[in-house]
Each structure stands twice: as C-alpha cells, then as structure tokens.
Amino acid sequence: MARDASPVTHVHAGAPPFLVLHGTADTLIPLAQGEHLTGALRRAGARLPSRSRAAIGSTAL
C-alpha cells in the first residue's frame, strides 16, 4: 500500500511536466526523497524544473 502512495512508483515516460520544490531545511520530508523523484522523472524523460531552497521547510513553500 505504501508503494502505491509513492509518486516515484507512478513515474513513466509520458508523465506530464512536474515542478518539484523542496526546502533544504525540511524536517518532514528528507531532501533525498525530492532528489530521488527528480532523478526518476529525468531518467523517464519527463520535463521538469527542479529547485531546492536553502533553510526552508515544507511549511514555508
């Protein structure tokens, strides 16, 4: 069930464009998870700008 909830599970070549925003000070979701999703999308050929913001947590985005 957790696997189905993960966005990485649903990455595919025809995925729509994504915008991935992640704060480097996020205490809820590790930055590595955002980087993992970004990498999977890029490997699948999806178009996406990706930004991480220093010293910002998920509630500030």
Side-chain angles (χ1 to χ4, degrees):
M1 192 170 9
R3 179 175 159 80
D4 290 338
S6 173
V8 174
T9 301
H10 305 285
V11 169
H12 58 86
F18 274 75
L19 173 62
V20 178
L21 297 172
H22 205 111
T24 60
D26 192 330
T27 58
L28 298 175
I29 302 169
L31 181 58
Q33 287 188 12
E35 293 169 338
H36 181 64
L37 175 60
T38 299
L41 287 163
R42 286 197 172 123
R43 285 188 298 279
R47 294 178 0 134
L48 72 151
S50 174
R51 304 286 184 269
S52 61
R53 298 287 182 240
I56 294 177
S58 59
T59 58
L61 293 173

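Just so you know, these numbers come straight off a predicted model, no measurement behind them.
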To the nearest 0.5 Å, how far apart are [atom1] in [X] and [atom2] in [Y]?
{"X": "H12", "Y": "L41", "atom1": "NE2", "atom2": "CG", "result": "9.5 Å"}
{"X": "D26", "Y": "L31", "atom1": "CG", "atom2": "CG", "result": "8.5 Å"}
{"X": "R47", "Y": "R42", "atom1": "CZ", "atom2": "CZ", "result": "12.5 Å"}

| message | Tell me the closest heavy-atom pair linking V8 and A40, and the distance in Å. | response | CG1-CB, 4.2 Å
| Shortest non-hydrogen separation from G34 to V20 and the atoms involved | O-CG1, 4.2 Å
| field | Exceeds 12 heavy-atom contacts within 6.0 angstrom, atom NE2 of H36 | value | no
| field | Donor-acceptor under 3.5 Å (H10 side chain, D4 main chain) | value | yes
